[in-house]
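Everything below concerns the one structure shown next.
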Amino acid sequence: MISTSGARKPARGAPLSGQLATYEKSLIAAAITSQGGSLKATYQSLGLSRRALYEKMQKHGLSQQDFIDDDTD
């Protein structure tokens with residue numbers, strides 16, 4: 001499971017594009033977590049199309065499986 005607490009702070013003087021990518025990834029991860037792993041609820045809550053969410057997840061290396069609790073033992 002991916003932790004969404006405390007997004008990584010970019011290095012001092014990091015380019016804006018890198019800071020935005022880090023922030024976007026943390027927002028998406030937090031939204032998926034808060035929606036219990038439901039991508040439909042996530043893209044609706046973020047105001048994105050399904051395709052846009054999937055593209056952003058791929059861009060940031062995120063998978064729905066990362067947000068599903070595997071405590072089936």
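Atoms considered below: every heavy atom in the structure, side chains included; atoms not considered: hydrogens, waters and symmetry mates. One is the number of the first residue; the rest follow in order along the sequence.
Closest non-hydrogen pair, T42 versus S38, comes out as OG1-O, 2.7 Å. Scanning both residues, M57 and S63, for their nearest heavy atoms gives CE-C, 3.9 Å.
A21 meets the side chain to side chain contact (heavy atoms under 4.5 Å, CB included) test with H60; sequence neighbours excluded. In this structure L48 satisfies the side chain to side chain contact (heavy atoms under 4.5 Å, CB included) test together with Y43, L46, A52, L53, K56, sequence neighbours excluded. Q64 is linked by a side chain to side chain contact (heavy atoms under 4.5 Å, CB included) to L39, I68, counting only residues two or more places apart in sequence or in another chain.
A distance of 11.0 Å separates CG of L27 from OG1 of T22, quoted to the nearest 0.5 Å.
Residue pairs satisfying the salt bridge (charged side-chain N to carboxylate O under 4.0 Å, His left out) criterion with at least one member in residues 29-52, sequence neighbours excluded, are listed as follows: R51-E55.
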